[in-house]
Structure formats: structure tokens, C-alpha cells
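Each chain gets a letter, A, B and so on, in the order the sequences are listed, and its residues count up from 1. Just so it is clear, the values below take in all heavy atoms, side chains as well, and ignore hydrogens, waters and symmetry mates.
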Amino acid sequence: MTDLLEGLNDKQLEAVTLPYQSALILAGAGSGKTRVLTTRIAWLIQTGQISPSGLLAVTFTNKAAKEMLSRLSAMLPINTRGMWVGTFHGLCNRFLRAHHREARLPALFQILDIADQLSAVKRVMKAMNVDDEKFPPKQVQNYINNSKEEGLRADQLDAYDKHSEKMREIYAEYDAQCQREGVVDFAELLLRCYEVLARETALREHYQQRFRYVLVDEFQDTNRLQYLWLKLLAGKNNCVFAVGDDDQSIYAFRGARVGNMLDFEHDFGVHKIIKLEQNYRSHSNILDAANAIITHNKNRLGKNLWTSSGAGEPVRVFEGYNDIEEANFIVEEVKALHAEGQSLADMALLYRSNAQSRVLEHALFSAGIPYRVYGGLRFFERAEIKHAMAYLRLVANPNDDTALLRVINFPTRGIGARSLEQLQEGAKQNECSLWAAAETASAGKAMAKGIPAFVALIRSLQEQCHGLPLPEMIDVITDQSGLRAHYQSEKEGEERIANLDELVNAAVAFVQEHDGAEPVEGEEPAGTAAQQLLVAFLTFASLEAGEHQADPGRDALQLMTVHASKGLEFLNVFICGVEEGLFPHEQSMYEANGLEEERRLMYVAVTRARRRLYLSHAQSRMLHGQVRYGVPSRFLDEIPDELLKRLNARPVTKFAAEPAFGNAPRVASSQSSQYPWRVGQAVMHSKFGQGVVVSYEGNPSELIVQVNFGHVGLKKLLVEYAKLEPV
DNA sequence: CTTGAGAGGTTTTTT
DNA sequence: ACCTCTCAAG
């Protein structure tokens with residue numbers, strides 16, 4: 001066996017071989033974070049300090065967890081199967097399955113994804129007669145999730161007024177509904193697990209004694225609840241090894257608390273933070289640019305990346321007249337690089353928001369460059385898959401109201417709003433599930449024939465599926481339910497049919513992987529083996545639906561948001577739309593510390609590049625169907641000029657010329673007499689400085705002009721009072 | 001129950 | 001611009 005510690009630098013070595021104590025490792029981008037984490041585990045095991053079953057390692061993505069496990073089994077001759085290495089949600093799910101009684105959950109509880117959750121929220125609100133104009137279901141959903149991620153139940157929340165009181169009430173009702181139906185949402189997995197550990201002393205002590213060592217990846221992304229969970233699990237005597245990078249915290253908007261890093265230092269008695277600052281990814285021009293940007297942030301633990309691999313190429317900056325020219329430039333560069341023999345898969349186009357991908361895709365498509373867009377709808381989130389899964393869920397548990405509502409009339413079988421209302425009424429009166437109500441209704445006196453037909457269908461499916469292997473079950477279900485026939489008659493249903501076939505394939509692969517899987521420890525497995533497998537598959541679909549690495553065979557350019565690029569690296573990186581209002585995003589200005597998060601986002605983007613980095617921006621672009629004029633991002637100004645190579649010199653007085661490509665602003669020439677300045681014209685304001693006229697609104701007597709003042713932001717000004725000077 | 005017009009809303013989203 | 005959702009007419 002090769003020496004584990006070989007090739008580690010001093011800091012990495014120090015982190016890997018730390019004595020038994022809690023530690024915080026500040027691991028910069030490209031500093032070998034995953035390597036340190038896995039080597040630490042391997043070293044602890046190899047030196048006999050801990051057994052494989054005595055540690056718990058937690059990540060945010062399934063990908064990261066898998067990566068850790070595969071590297072681990074390459075380092076050590078151990079069976080990683082039974083090890084507690086996984087995502088927060090995956091581990092909590094495992095815990096709850098084993099201790100469902102203590103958690104007061106049915107053994108075969110099911111997991112709601114965001115879409116399921118939203119429909120559950122809508123259902124609760126309807127039952128409560130809540131006005132969904134005043135309480136938009138999405139907002140309610142966020143409120144519930146945010147509360148749970150703070151570790152708070154409805155009865156622990158304060159209400160300030162009628163509105164928040166109602167929110168709290170809906171939250172409580174929603175939880176009650178989930179409990180009745182035996183389903184849990186993502187946040188609930190964690191909160192429930194946390195509560196069980198907090199409540200059940202014996203259980204907590206058992207796990208505390210077992211997991212002497214807890215390791216956390218991407219610690220900067222943990223939310224309040226995850227932090228509390230870790231603290232509870234560690235207890236007084238165990239140690240936590242946390243690895244993270246405060247400069248790469250880009251999920252505050254979802255409840256991640258960078259502050260957990262400071263709290264951690266204090267709560268876990270960390271003596272010394274180890275900083276991994278040597279970067280093995282990029283040349284120094286790229287790192288210096290990244291460092292220059294991030295030093296503008298006030299709230300940092302402090303860290304400076306360096307490399308021994310030389311300056312490398314300058315950071316290239318391109319300014320387009322508009323987004324189309326920007327896209328065309330990128331196409332040309334990509335072509336040139338590809339012609340030099342570089343693979344497309346090692347090039348990435350990064351953008352701040354998904355809306356930007358359209359223009360880029362159009363240009364790439366026209367040029368015949370294969371590309372792949374990351375993000376968007378995932379396989380298990382597609383409507384046809386969700387429908388098939390809903391039938392599957394009903395076979396597993398017909399009392400699953402969410403699943404029932406999804407397919408009771410899909411394909412349509414004459415069950416309209418009225419029949420549904422009757423069902424819901426019946427369910428409410430008898431305090432039973434919709435399924436039970438449907439059974440009663442169809443057994444009783446004459447009813448619209450749809451419902452008895454549906455009941456018969458589900459019963460028949462249950463019967464036919466009994467004893468069948470999972471893939472065949474899916475075959476039967478998609479066939480008998482009429483799903484397949486429905487999509488066959490649809491004009492663009494071919495892809496959907498193909499997806500249903502793909503679902504069968506996914507089931508085949510799943511069954512193979514689970515062959516001879518370990519039984520859940522602790523308690524007797526509930527249900528039959530077949531039921532277990534079915535529920536495991538459903539859980540897999542909601543918890544591990546990711547894995548976007550399709551068509552690895554084809555060499556394709558990678559398109560994704562900056563968020564999606566975290567953790568990845570590419571030889572050549574293009575960051576597009578580096579403009580005020582886009583990156584940093586306009587919306588971020590309204591949030592506390594929003595700008596700092598945007599800057600971290602730019603830091604993440606820049607540090608993705610190994611060798612060559614392009615930053616591009618455009619003077620104008622189409623946004624929400626309107627031409628928007630923008631000034632270069634402040635982040636560009638934050639990079640020292642000597643690191644940059646400006647590829648094209650645009651005239652200093654921008655926007656003086658007619659807008660390129662005939663995208664004439666609506667109000668420009670024809671009625672220009674009415675408007676003092678042309679849209680796109682640079683103007684000076686005594687207080688806000690230089691800006692660009694974006695649009696006009698209001699009537700002629702009270703004309704309002706919207707000006708983009710770059711760093712100051714977008715401002716709406718009354719033409720009459722705003723003393724603007726042309727530049 | 002299906003269809004289409006109109007309204008509203010568009011940052012990012014590991015599970 | 002474009003997508004999703006709602007509601008009224010067929």
C-alpha cells in the first residue's frame with residue numbers, strides 16, 4: 001500500500017495528522033480539500049484511532065459523498081458500505097428509517113420534493129380557506145422551510161401581527177397534514193432527526209458513543225439546523241473536523257450561515273485554524289485576480305491563495321456592443337481553442353442567471369458547437385416521471401394524498417373539481433385519507449363512475465405488482481394506468497415515452513445496485529423485502545435524483561450558472577455578463593450583505609479556471625423583453641490592470657453611436673423631441689455620478705427617467721428635478 | 001374536460 | 001422575451 005501521506009504539503013499534512021481534537025480547516029479553492037478530508041479519514045482508520053463504523057462524514061451533495069467513498073476505498077482495503085458517509089439528508093433519512101418509532105413516523109414514510117411540498121401547502125391552505133392572494137403558497141412554503149432550517153416548529157415562532165399569526169397557523173396545519181399522511185419534506189428529515197436525538201437520551205448517547213469523530217465538508221454552507229444537529233451529535237466528548245471556505249459561501253440566500261464557522265471555533269474549542277492556501281489549480285494571474293476581488297469583502301476569516309505554477313496568461317476582457325456580439329465573440333474563441341486541439345468539455349461558459357444562456361445557446365447552435373447546459377429540470381422532476389412515480393407511490397401506500405391528487409385524474413377519467421371536492425369533504429368528515437374516502441364512495445351508492453374506476457385501477461395495480469420485480473412493476477403501472485397511451489397520442493409525446501422507458505432502466509440499475517444491500521441496522525426491517533425495495537427506490541428518486549453527468553461520450557462545451565460551477569474546474573473559463581445589475585445582481589443590493597455574497601460568487605467563478613480566463617460584458621442586452629444598458633461590473637475594476645488584457649478597445653464615450661445591430665430603443669429617434677436624452681446615453685448626476693439612461697415612464701408632465709448609475713444602482717428620477725448633464 | 005387568451009413574474013437552488 | 005398559471009369559452 002502506498003503511503004497515505006506522501007505528496008501532501010506541510011499544511012495538508014498538519015490537517016491530516018492533527019491529534020484527536022475538533023478542527024477547522026480553511027480550505028481555499030483548488031487547495032486539495034477533498035484529498036485532505038479523505039486522507040484524514042484513511043489516516044485515522046489506518047493508525048487505529050478510529051474504526052470505520054466509528055466515524056460519520058457528511059457532505060451536501062451525493063456526488064461529493066460518492067467521491068469521498070470511492071477515494072477512500074482506493075486508499076484502504078475496507079468495505080465502505082456500512083459507513084456513515086453521506087449527505088445531511090441521506091444520513092438523517094437513514095437514521096429515521098432505523099428509528100421510525102421514536103420519530104413517530106410510519107416505517108415506510110415517503111419524502112416530498114419541493115413540488116410535492118408546494119402542492120401539499122396549497123392543499124392545506126385550501127382546507128383552511130386561506131386566501132392565496134394574501135398568502136402566496138410559494139411564500140408560505142419558504143416560510144415553512146426557513147423556519148424548519150432554523151430549527152423552529154410553529155409553536156416556537158413569534159407572531160407579530162395577523163399575517164404572521166396566520167403563517168404560523170398554516171405551518172402547524174401543514175405539519176399535522178404531513179404527519180397524518182406519513183410524509184416528510186427535505187427540511188423535516190433534518191429537523192425530525194434533530195428532535196429525536198434531542199428528546200431520546202438513550203438513543204443520543206448511543207450515537208454519541210458510536211461516532212467519536214464527525215467530519216463535515218463545505219462547512220460554510222451549513223444552516224442553523226445543520227449546525228445544531230452537528231453539535232448535538234458531537235456532544236461534549238466527540239470531535240468535529242470541519243472543512244470549508246468562507247470565501248466560497250454562496251448559499252446564504254438559502255439559509256446557509258457563514259457565521260457557523262466563527263461559532264464553531266468558539267463552541268468546539270478550536271485552538272488554531274489551519275489554512276490551506278496553496279492552490280494546485282490555476283496560474284497566478286488568475287489567483288491574483290481572485291484575491292484582488294475578494295479582499296474587498298469586509299467579513300472574512302482571511303486567506304490568500306498562492307501557487308508555484310507561474311503567472312500564466314493574462315485575464316482576457318472583452319466588451320461587446322450587445323449580448324449577441326458577446327456571444328459571437330465567445331463562439332469564435334471556443335472555435336479557435338477547439339481548433340488548437342483542446343477539448344470542449346474542458347471549457348465552461350459561466351453566467352450569473354439562467355436567462356443568459358438563451359443567447360449563448362443560440363450562437364453555439366448556429367455555429368454547430370456541441371454544448372451541454374447544466375441545471376434545469378432533472379429527470380425525476382419531469383412531469384411524466386412524477387406521474388409514474390405517483391402511481392408507484394400509491395401502490396406502496398394508497399393513503400399518500402399528494403400522489404393520489406397528482407394522478408387521480410391523469411390521464412383524465414372524468415374526475416373533475418366537483419368529485420374531488422366531495423372526496424375531500426368525505427375525507428375531512430371521517431378524518432381519513434382521500435383514498436379511504438374514495439373507497440367508501442365507490443362502495444356506496446351511485447357516484448360519478450370515475451372514482452370507482454380509479455379505485456379499481458389502483459387495486460388492480462397493487463394486485464398485479466405483487467411479487468413483481470421493480471422494473472416490471474413500472475412497466476405494468478405505466479401501461480395499465482394509461483400513462484403510456486396518453487403520451488403516445490400526444491403529438492410531442494415521444495420524448496416522454498422515452499423518459500418512461502428510461503425510468504424502467506433506472507429501476508433495473510437501482511435493483512442491481514441494491515442486490516444484497518445491507519439491512520437497516522438497529523431495528524427489524526419493516527414490511528416485506530419487496531416493499532422495502534420499492535420505498536428505497538422512491539427515496540432514491542427524491543433524495544438522489546441528481547447526477548447530471550449524462551452523455552460522457554460526447555465532447556461538449558459546458559454551460560452553467562456560477563452557482564452550479566462550484567467545486568468544478570476547467571482549463572478555459574468564460575464568465576459572461578460581467579455588468580452592474582447582472583453581476584453583481586441588481587436584487588442583491590436590497591439584501592443585507594448581498595454585495596459581499598455576489599463578490600464571493602465572482603470569486604468562485606474566477607477560481608474555476610486553470611489556465612485561461614475570459615471576462616466579458618456588453619453595453620446593452622435584452623432582458624425581460626427590453627433592451628437594458630449596463631456598465632461594466634465593479635468587480636472588473638477591482639482587478640489590477642496589469643493582470644488584464646483588454647481584447648478590444650471600445651470608444652470611451654460609450655453609447656454615443658446608434659445602438660448596434662438595429663436594436664433601437666423604443667423611445668429613441670422617432671419621438672426623441674419629447675425626451676431630453678436618448679436611451680443609452682451617458683449622463684452625469686450631481687449626487688450619483690455617471691450613469692446611463694435606461695428607460696422612460698410616466699406621462700409627459702411628470703416624466704420619469706430610469707438611470708443605471710452602476711455602483712450606485714438603478715435610480716428612477718423625475719426629469720423635471722433631476723439635474724442631469726450629458727457626458 | 002380541453003383549449004386558448006391574458007396576467008404576472010421572472011437570481012442563484014447541493015437535498 | 002418567455003414561461004407558468006388561471007380562468008372563461010367551447
Side-chain angles (χ1 to χ4, degrees), chain A residues 58-66 86-93 111-115 117-118 122 132-133 136-138 142 145 148-149 184-190 217-218 220-223 225-226 248-256 323 350-359 362 374-378 380-381 383 409-419 448 450 490 539-548 560-568 577 581-591 594 597-598 600-602 604-605 621-628 663:
Chain A
V58 62
T59 63
F60 278 87
T61 66
N62 292 301
K63 199 175 154 202
K66 266 188 194 159
T87 63
F88 278 101
H89 295 85
L91 295 178
C92 287
N93 173 58
I111 300 168
L112 302 182
D113 70 9
I114 15 141
Q117 187 190 31
L118 185 61
K122 285 181 182 162
D132 58 6
E133 301 257 294
K138 278 240 173 67
N142 281 336
N145 288 337
K148 286 190 180 184
E149 282 169 4
V184 299
D185 57 55
F186 286 145
E188 183 72 26
L189 284 171
L190 280 147
D217 189 19
E218 305 277 19
Q220 77 281 354
D221 289 336
T222 50
N223 60 35
L225 177 57
Q226 285 158 341
Q248 291 189 70
S249 161
I250 55 174
Y251 286 107
F253 74 96
R254 289 186 48 179
D323 45 354
L350 309 183
Y351 36 80
R352 175 68 240 270
S353 64
N354 284 308
Q356 288 170 255
S357 79
R358 179 162 252 100
V359 176
H362 180 79
Y374 282 71
L377 257 202
R378 288 190 275 209
F380 280 97
E381 286 168 2
N409 197 33
F410 191 94
T412 50
R413 45 180 75 86
I415 302 175
R418 199 181 354 218
S419 314
E490 210 177 49
T539 301
F540 164 79
S542 14
L543 237 40
E544 299 171 53
E547 283 328 277
H548 267 304
M560 65 192 84
T561 63
V562 178
H563 281 92
S565 76
K566 197 174 90 164
L568 305 175
L582 242 195
F583 203 173
H585 200 280
E586 215 179 310
Q587 294 286 97
S588 69
M589 306 297 174
Y590 304 113
E591 286 156 27
E597 178 142 320
E598 293 290 308
R600 291 193 292 269
L601 203 47
M602 180 56 83
V604 167
R621 72 175 63 239
M622 285 296 263
L623 202 64
H624 309 322
Q626 280 186 318
V627 180
R628 282 268 304 251
N663 282 334

Walk along nucleotides 4-12 of chain B from 5' to 3' and tag each nucleotide B, S or - by protein heavy-atom contact under 4.0 Å, base first, then sugar-phosphate. ------BBB
B/S/- along nucleotides 2-10 of chain C (protein heavy atoms under 4.0 Å) is SS-------
Between C:dC5 and B:dT12, how many Å separate the two C1' atoms, rounded to a whole number? 23 Å
Euclidean distance, atom [atom1] of residue [X] to atom [atom2] of [N] [Å, nearest integer]:
X: A:L623; N: C:dA1; atom1: CG; atom2: C1'; result: 10 Å
X: A:L118; N: B:dT13; atom1: CG; atom2: P; result: 18 Å
X: A:D185; N: B:dT13; atom1: CG; atom2: P; result: 21 Å
X: A:Q356; N: C:dA1; atom1: CD; atom2: P; result: 18 Å
X: A:L190; N: B:dT14; atom1: CG; atom2: P; result: 16 Å
X: A:Q117; N: B:dT15; atom1: CD; atom2: P; result: 16 Å
X: A:H89; N: B:dT14; atom1: NE2; atom2: C1'; result: 9 Å
X: A:D113; N: B:dT13; atom1: CG; atom2: P; result: 16 Å

Can you name the side chain to side chain contact (heavy atoms under 4.5 Å, CB included) partners of [X], sequence neighbours left out?
X: A:S357; value: A:Y351, A:E361
X: A:T59; value: A:A64, A:A65, A:M68, A:T87, A:D217
X: A:L225; value: A:L190, A:L191, A:Y194, A:N223

Not counting sequence neighbours, which residues clear ring-ring contact (aromatic ring centres under 6.0 Å, His included) with [X]? List them please.
X: A:F88; answer: A:F60, A:W229
X: A:H563; answer: A:Y251, A:F253
X: A:F186; answer: A:H89

The criterion is side chain to side chain donor-acceptor pair (under 3.5 Å); which residues satisfy it with A:E188, sequence neighbours excluded?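 For A:E188, the residues satisfying side chain to side chain donor-acceptor pair (under 3.5 Å) (neighbours in sequence not counted) are A:K148, A:R153, A:R192.
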Does the pair A:R352/A:E598 count as a salt bridge with the N-to-O cut at 4.0 Å?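 Salt bridge between A:R352 and A:E598, a charged N being under 4.0 Å from a carboxylate O: yes.
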Salt bridge check: are A:D221 and A:K566 linked by an N-O gap of less than 4.0 Å? yes
When we call it a touch if two heavy atoms are under 4.0 Å apart, what does A:I415 touch: a base, just sugar-phosphate, or nothing? sugar-phosphate
Would you mind classifying the nucleic acid contact of A:D221 as base, sugar-phosphate or nothing, using non-hydrogen atoms under 4.0 angstrom?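 Answer is base: heavy atoms of A:D221 come under 4.0 Å of a base.
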